[in-house]
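Worksheet: one structure, shown below.
Reminder, nothing fancy here: chain letters follow the sequence lines and each chain counts from 1.
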Amino acid sequence: MDFDLSIWAVRGPYILQGLWLTLALVAGVLAISTPLALAVGLALEARSRWLRAPATVLSWMVRGVPPLIILFIAYYVLPIVLDLRLESLTAAIAGFVVYNTFILGEVVSAGLRAVPKGQHEAIAAAGLPMTRSLRRIVLPQAMPSIIPPYVSYSMDMVKGTALAGAIGVTELVTRANQAIVATNRPFEILLGVAIIYGVIDAMLIAVQMWSERRWDHQGHVSP
Amino acid sequence: MNFDPTLIENALPSLLYGVRTTIWLFLAIMGLCTPLALLVALARVSRVRGLRRAAATYVNVIRALPLLVILYFTFYGLPSLGVFVSPFTAALVGLTVVTTAYLAEDLRSGLMAVPRGQFEAADALGLPTWRFVWRVLVPQALPVMCGPYFTRAIVTVKATSIASLVAVSELTAQSMAKVTETYRSVEFLAFAAVVYLLLTSLMAILQSRVQRRVTLP
Amino acid sequence: MKDTCMTANPATPARAHDRPMLELVNLRKSFGNKTVLHGVDLKVPAGQVVSIIGASGSGKSTLLRCVNHLETPDAGSAVLIDGQRIGGPDPARVSRRDLRRRRVEIGMVFQHFNLFPNMTALENVMEAPLAHRRGTRAEIRDMAAGLLDRVGLADRMDHHPGKLSGGQQQRVAIARALAMTPKLMLFDEVTSALDPELVDDVLQVMRQLAEEGMTMLVVTHEMAFAEDVGDRVIFMADGAIHEDGTPAEVLRNPQQARTRSFLGRAMRAR
C-alpha cells in the first residue's frame with residue numbers, strides 16, 4: 001500500500017473548512033445548553049414534585065435515545081411541529097442542545113447532590129434568599145464535582161458533532177468522508193482528521209487540568 | 001401533525017429486522033469487548049511498564065477520536081488493505097475497538113479501588129499473577145465495576161445507531177429507509193426512539209438489579 | 001497433628017551448622033533521593049525471635065519489607081534465607097518466578113491483616129498452598145483447618161473476614177502465613193491496629209509460635225512482648241541498627257542516649 005499525504009494539498013482546504021463548522025457547532029451548542037443544563041439540574045434536584053417529575057421523565061427519554069435519532073427528529077419532525085423550514089445547521093444545533101442539556105443536567109444534579117446536606121440546612125437556618133444562596137454557597141461547592149465531567153462531556157460533544165453530517169451539515173468528518181469517496185485514500189485522509197481531533201482533545205485536557213486546579217482552590221471545602 | 005400507526009404496521013418486518021440487527025450488534029460488541037477491556041484494564045495496572053504504556057496509548061488515542069472516524073477506518077480502510085468484510089463486521093470491529101477503550105477505563109477504576117494491601121498480601125504469599133487476578137483482584141473489583149459496566153452498555157446500545165452511517169441495516173438505518181421511502185418521518189422515528197428507549201431502560205433495570213446483588217460478603 | 005506443632009511441618013530441629021536462617025548484607029534502600037536504610041548487616045540464627053523497635057520513620061518496617069522484597073533493596077544489597085540468596089547480585093533484576101519461590105519460605109503478617117475479603121477464613125488459609133499445589137484439595141483443607149484450630153478459630157472457619165473481629169482477623173492472617181510452612185516469619189506491627197483487649201490473643205499465638213522454634217522478625221511497639229518472648233532486641237534509628245542485644249541489655253540497660261530517650265517515651269506512652 002502506498003501512503004501519500006500530498007493528497008492533503010488538494011483536499012485539505014475543503015476538509016479544513018469543515019473544522020470551523022465543527023467548532024462553531026460546539027461553541028453554539030455549549031453556549032445554549034450550559035444555562036439550560038443548570039436549570040435542568042436544579043429542576044432534577046428541586047423540592048417541588050411538579051418540577052422534579054417532568055425533568056426526570058424528560059431526562060430519561062432524551063438520554064435513553066441515540067443522539068443520531070434526536071438529530072433526525074430535529075431535522076425531520078421539528079419542522080412539521082413548528083411548521084417552518086429548518087436549515088441543517090439550525091436543526092443540528094437544536095438536536096445537540098436537547099441531548100446535551102439533559103446529559104449535562106445530570107452532571108449538575110450529581111454535583112448538587114455532592115454538596116453536604118448540612119450546608120442546605122445552614123442556608124435554610126440563615127434564611128438566605130434562594131438565588132443568593134445558590135450563587136454564593138451551593139454552586140461554588142458543587143463546582144469541583146461538576147467541572148471535570150462537564151469538560152469530559154464537552155469532549156464527547158466535540159466528537160459527537162461528526163454525526164451532524166447525517167442531516168447535511170458538512171462539518172469536518174463529513175467532508176473527510178466526501179474526500180475518501182472521491183479519492184479512495186481513506187488512510188491519508190482519516191489520519192489527518194485523527195490528528196486534528198487529537199490536537200483538540202489535548203487542548204481540552206489542558207483546559208480541564210487548568211479548571212480543576214482553579215476550582216480546587218476556590219471551591220474547596222476544608223473538612 | 002397526524003400519526004398513522006398503520007404505516008408502522010406495514011413496515012414492521014423490515015423494522016424488526018433492524019431491531020434484530022441492532023440487538024445482535026450490541027451483544028456481539030459487549031461479548032467481545034468485555035474480556036478485551038478487562039485485559040486492557042489489567043495491562044493498565046500491570047507492573048510491566050511497556051504493557052502499561054501500550055495500553056494507555058491505545059486507550060487515549062481511541063478516546064480522542066470520534067466514533068464515526070474509527071468506523072470510517074474499518075469501513076473504508078479494511079477493504080483498501082485487502083480485507084473485504086461485510087459492513088456489519090466492519091462496524092462490529094470499529095465499535096469493539098472503541099468500546100473496549102472506554103470500558104477498559106471504566107474497569108480500571110474498579111481495579112484501582114482494590115486496596116494496596118491486597119497486592120502486598122498476594123506478593124508475600126507468592127501467589128502467581130493470574131491466580132491473584134482471578135481469585136482476589138477481579139472478585140473484589142466486581143462490585144465497583146458493575147455500575148460503570150452497565151452505564152457503558154447503555155452508551156453502547158445508543159452508539160450502535162451510528163453503524164447506520166456505514167451501511168449497516170440496523171434499527172436506525174431501517175427506520176430512515178422507511179422515512180425516505182414513504183416521506184413520513186414521525187411514525188418511524190417514534191418507533192426507533194421507543195425501541196431504543198426500551199433497550200436502554202432494560203439495561204438500566206438490569207443495572208440496578210445486579211448492583212443490589214453484587215456486594216462483598 | 002493437633003498437639004505436635006503449630007507449623008504444618010515438623011519443627012525444624014536445631015541445625016548442626018552455623019548458617020544463619022536470615023542474613024542481610026549491606027541492605028540499602030532509598031526512595032528517590034531519600035535514603036531509608038544505610039547498609040544494614042544482620043544475622044539471625046534459626047529459632048531466634050528478634051524484636052525490632054524504634055520510632056516511626058526509623059526504617060524498621062522498610063527493613064522487614066525488604067526481607068521478602070515487597071520493597072526492592074538497592075543494588076549491592078543481599079538477602080539470604082537459609083544460606084540461599086534471593087535473586088542475583090542486583091535485587092532489581094530478580095525474576096518474578098524466582099521471587100515467588102523464595103517468598104514462599106517467608107511468612108508475613110501485616111498491620112492491617114490484608115486478608116482477602118472475598119474468601120472465608122478457611123479459603124484465605126488454603127489459597128497459597130492451593131496455588132502452589134502443596135497437595136490435594138482435601139489434604140490442604142485439613143491442614144488449613146488444623147492451623148485455624150491452633151490459633152483458636154476452629155468455629156470461625158467459614159466466616160468471611162468482615163464478620164471477624166480485628167484480633168480474629170489477625171490470627172487468620174498468621175495461620176495464612178504459616179500455611180506455606182515458612183522458615184521465617186515477619187510481623188509488621190501486627191497489634192498496632194487492634195483494640196487493646198484483642199491484643200493478647202494475637203500475642204499468645206505469637207508466643208506459642210516462638211516456643212515451637214520459629215525464626216521470627218517482629219517489628220513492634222509492645223515492649224512487654226519484646227522483653228518476655230524475644231531472644232534479641234534491635235533498636236533502629238535513621239535507617240541503621242543502633243543497638244543490638246538481649247532484651248535485658250537493650251531494654252533495661254541501653255548504651256546509647258537515643259535508645260534511652262526512645263524507651264523513656266515508649267514506656268511513658270504505655
Side-chain angles (χ1 to χ4, degrees), chain A residues 1 22 60-83 99 152 155-156 158-167 171-174 176-177 180-181 183-202 204-205, chain B residues 1-2 22 60-82 98 102 154-166 171-173 175-176 179-180 183-204:
Chain A
M1 189 187 76
T22 295
W60 163 68
M61 285 171 62
V62 170
R63 291 183 309 119
V65 170
L68 188 56
I69 294 287
I70 294 173
L71 281 187
F72 283 139
I73 291 174
Y75 186 64
Y76 291 101
V77 180
L78 201 57
I80 305 176
V81 177
L82 299 176
D83 198 20
Y99 187 72
S152 111
M155 292 185 196
D156 286 352
V158 174
K159 291 176 276 172
T161 52
L163 297 182
I167 57 170
E171 48 67 63
L172 188 58
V173 179
T174 311
N177 186 31
I180 292 171
V181 173
T183 62
N184 198 20
R185 294 225 164 250
F187 287 108
E188 289 87 340
I189 290 163
L190 288 174
L191 182 68
V193 171
I195 290 171
I196 294 172
Y197 275 102
V199 170
I200 298 176
D201 192 63
L204 280 171
I205 287 174
Chain B
M1 189 180 89
N2 52 359
T22 290
N60 290 332
V61 166
I62 295 297
R63 293 194 315 154
L65 301 179
L67 174 54
L68 192 53
V69 169
I70 288 158
L71 288 187
Y72 283 155
F73 259 114
T74 56
F75 182 69
Y76 293 114
L78 288 180
S80 79
L81 288 175
V98 173
Y102 282 94
I154 291 171
V155 173
T156 307
V157 169
K158 297 195 278 176
T160 57
S161 75
I162 298 176
S164 66
L165 302 181
V166 288
L171 176 56
T172 303
S175 307
M176 289 315 292
V179 171
T180 342
Y183 296 103
R184 300 281 300 203
S185 55
V186 183
E187 291 80 359
F188 298 112
L189 283 171
F191 176 84
V194 167
V195 173
Y196 281 116
L197 201 52
L198 279 175
L199 291 176
T200 50
S201 301
L202 191 71
M203 283 294 122

Chain A contact via Leu165(B) - which portion, at a heavy-atom distance below 4.5 Å: side chain
Side chain, backbone, both or neither of Phe188(B) within contact of chain A (heavy atoms, under 4.5 Å): neither
For chain A, the option from Thr200(B), Leu197(B), Asn60(B) that forms the most heavy-atom pairs under 4.5 Å: Leu197(B)
Chain B contact via Val193(A) - which portion, at a heavy-atom distance below 4.5 Å: side chain
Residue Ile73(A) versus chain B: region with a heavy atom under 4.5 Å: both
Evaluation steps, side-chain contact (heavy atoms from CB on, under 4.5 Å), between Glu171(A) and Thr174(A): CA-CA 5 Å; Glu171(A) 48 67 63; Thr174(A) 311; 2.3 Å; yes
CG-CG distance between Leu199(B) and Leu171(B), expressed to the nearest 0.5 angstrom: 8.0 Å
Donor on one side chain, acceptor on other, Tyr75(A) and Ser185(B), under 3.5 Å: no
Ser201(B) side chain to Trp60(A) side chain, donor-acceptor N/O pair below 3.5 angstrom: yes
Contact class of Val158(A) relative to chain B, heavy atoms under 4.5 angstrom: neither
Euclidean distance, Ile196(A) CD1 relative to Leu191(A) CG, rounded to 0.5 Å: 10.0 Å
Engaged part of Ser164(B) at the chain A interface, taking heavy atoms whose separation is under 4.5 Å: side chain
Heavy-atom proximity to chain A below 4.5 Å, by part of Met176(B): side chain
Step-by-step side-chain contact (heavy atoms from CB on, under 4.5 Å) determination, Phe73(B) to Phe187(A): CA-CA 7 Å; Phe73(B) 259 114; Phe187(A) 287 108; 3.8 Å; yes
Separation of Leu68(A) CG from Lys158(B) NZ (nearest 0.5 Å): 12.0 Å
Max heavy-atom pair count under 4.5 Å with chain B, selected residue of Asp156(A), Ile189(A), Leu163(A), Asn177(A): Asn177(A)
